[in-house]
Amino acid sequence: DSTDVLAMRRIKVVSESTDFVPILRAFDTDIKRDLFQRLIDVWLTATAIEKEFGKPGLDALALFEKTKLVETKWEALDGKTEKAYHSYYTAFNINTSCSVQEIAEILSVASMDEATFDKIDQELATDIVPEGSSARGLAEKFNMPLIRLKSLLKRSSRLEFRGHIV
């Protein structure tokens with residue numbers, strides 16, 4: 001139908017350099033890549049994803065949701081309603097520029113091993129006050145460039161960056 005044709009044309013425009021982090025992380029394993037490909041083709045529920053891809057599939061789905069790479073709808077299955085997921089985008093348009101130092105920070109965070117990232121993510125989470133913390137203040141406190149902090153926040157599943165507040 002016509003909605004399927006329109007869905008095929010959705011393009012994610014990337015103009016912020018730190019948006020590379022979630023995109024690179026979204027496709028850094030076979031499970032993530034294969035799941036995303038399936039979600040381009042069909043709508044899947046979390047139950048179906050877990051059955052086909054296991055817990056890593058559900059973790060990937062959470063990342064796709066946080067980075068707004070999937071859309072949702074409610075489906076009735078076996079007398080109960082369950083959320084189903086589908087890829088929101090089928091292409092990327094990447095148009096950004098940044099300094100070599102910035103891209104080095106971005107790629108460093110995107111390729112950081114899980115244990116190192118989890119340690120930093122936990123340290124940041126512990127330091128953030130309930131009403132939110134200034135991104136610049138956090139970057140200064142942890143002695144890191146603001147672009148590194150933004151990249152870490154884009155990768156984090158527990159922290160979000162809104163305006164200038166974490």
Side-chain angles (χ1 to χ4, degrees), residues 1-96 98 102-126 128 147-162 166:
D1 72 2
S2 63
T3 57
D4 289 336
V5 172
L6 291 175
M8 295 303 292
R9 296 189 181 143
R10 289 189 186 144
I11 298 171
K12 168 97 172 142
V13 176
V14 178
S15 56
E16 169 65 39
S17 58
T18 56
D19 284 341
F20 279 119
V21 175
I23 290 169
L24 292 170
R25 297 299 299 173
F27 304 104
D28 66 353
T29 67
D30 290 345
I31 286 177
K32 289 176 187 173
R33 188 190 65 242
D34 293 348
L35 172 57
F36 194 82
Q37 189 59 51
R38 288 272 289 133
L39 292 172
I40 288 173
D41 299 334
V42 297
W43 288 86
L44 293 173
T45 63
T47 303
I49 290 168
E50 185 173 28
K51 186 176 181 180
E52 187 173 340
F53 297 94
K55 175 147 177 11
L58 293 178
D59 294 341
L61 179 61
L63 174 66
F64 297 160
E65 277 193 288
K66 181 187 183 217
T67 56
K68 297 174 180 47
L69 292 176
V70 292
E71 60 184 325
T72 60
K73 72 176 182 179
W74 292 99
E75 285 188 352
L77 296 169
D78 301 325
K80 61 182 179 179
T81 306
E82 193 172 350
K83 197 185 286 189
Y85 302 86
H86 186 261
S87 166
Y88 194 77
Y89 301 104
T90 58
F92 293 102
N93 177 349
I94 300 171
N95 185 15
T96 187
C98 60
E102 287 179 347
I103 198 70
E105 291 291 347
I106 291 163
L107 295 175
S108 170
V109 170
S111 61
M112 186 181 293
D113 68 88
E114 284 299 319
T116 303
F117 172 76
D118 287 342
K119 182 176 184 271
I120 295 169
D121 192 47
Q122 181 60 49
E123 289 172 2
L124 288 169
T126 302
I128 294 171
I147 195 81
R148 184 173 188 81
L149 177 64
K150 285 182 180 180
S151 298
L152 289 162
L153 296 172
K154 293 277 180 141
R155 180 171 170 176
S156 177
S157 59
R158 72 177 107 191
L159 301 172
E160 287 197 41
F161 183 67
R162 299 206 177 172
V166 180

Over all atoms of both residues, closest heavy-atom pair of [X] and [Y]:
X	Y	value
Ile11	Tyr89	C-CD2, 3.5 Å
Leu39	Tyr85	CD2-O, 3.3 Å
Ile106	Ser151	CG1-OG, 3.4 Å
Asp118	Arg158	O-NH2, 4.3 Å
Ala110	Leu24	CB-CD1, 3.8 Å

Exercise. Using atom types as modelled and distance alone, determine if a side-chain donor or acceptor of His86 lies under 3.5 Å from a backbone N or O of Ile40.
Key: yes
Exercise. Kindly say whether Val109 contributes a backbone atom to a donor-acceptor pair with the side chain of Arg155 at under 3.5 angstrom?
Key: yes
Would you please name every residue forming a side-chain hydrogen bond (donor to acceptor under 3.5 Å, both in side chains) with [X], sequence neighbours left out?
X	result
Lys150	none
Glu82	Thr47
Arg25	Asp28, Glu114
Glu160	Arg162

Quiz item: Given the rule in the side chain to side chain contact (heavy atoms under 4.5 Å, CB included) test, do Leu58 and Ile49 qualify, once you have shown the distances and angles that lead to the verdict?
Solution: CA-CA 7 Å; Leu58 293 178; Ile49 290 168; 4.3 Å; yes
Under the salt bridge (charged side-chain N to carboxylate O under 4.0 Å, His left out) rule, collect the residues that match up with [X], sequence neighbours excluded.
X	result
Glu16	none
Arg148	Glu105
Lys119	Glu123
Asp30	Arg33

Distance in Å, [X] [atom1] paired with [Y] [atom2], rounded so as to fall on 0.5 Å steps:
X	Y	atom1	atom2	result
Phe117	Met112	CZ	CE	8.0 Å
Glu75	Thr81	CD	OG1	10.0 Å
Trp74	Thr45	CH2	OG1	11.0 Å
Ser87	Gln37	OG	CD	8.5 Å
Leu44	Glu50	CG	CD	13.0 Å

Practice problem: Applying side-chain contact (heavy atoms from CB on, under 4.5 Å), name anything that partners Ile94, two or more places apart in sequence or on another chain. | Solution: Val14, Phe20, Phe92, Thr96
Self-check item: Qualifying residues under side-chain contact (heavy atoms from CB on, under 4.5 Å), relative to Asp113, sequence neighbours excluded
Solution: Ala115, Thr116
Self-check item: Option among Ile147, Ile103, Thr18 that satisfies the side-chain contact (heavy atoms from CB on, under 4.5 Å) test with Cys98
Solution: Ile103
Quiz item: Who passes ring pair (Phe, Tyr, Trp, His ring centres under 6.0 Å) against Phe27, sequence neighbours left out?
Solution: Phe36
Side-chain atoms of residues 59-69: list all donor-acceptor pairs with protein atoms under 3.5 Å, sequence neighbours left out, distances to 0.1 Å.
unit_1: Asp59; atom_1: OD1; unit_2: Lys55; atom_2: NZ; d: 2.7
unit_1: Asp59; atom_1: OD2; unit_2: Lys55; atom_2: NZ; d: 3.2
unit_1: Lys66; atom_1: NZ; unit_2: Leu153; atom_2: O; d: 3.0
unit_1: Lys66; atom_1: NZ; unit_2: Ser156; atom_2: O; d: 2.2
unit_1: Lys66; atom_1: NZ; unit_2: Leu159; atom_2: O; d: 3.3
unit_1: Thr67; atom_1: OG1; unit_2: Leu63; atom_2: O; d: 2.8
unit_1: Thr67; atom_1: OG1; unit_2: Phe64; atom_2: O; d: 3.4

Quiz item: Hey, does Phe161 have a side-chain heavy atom less than 4.5 Å from the side chain of Val166?
Solution: yes
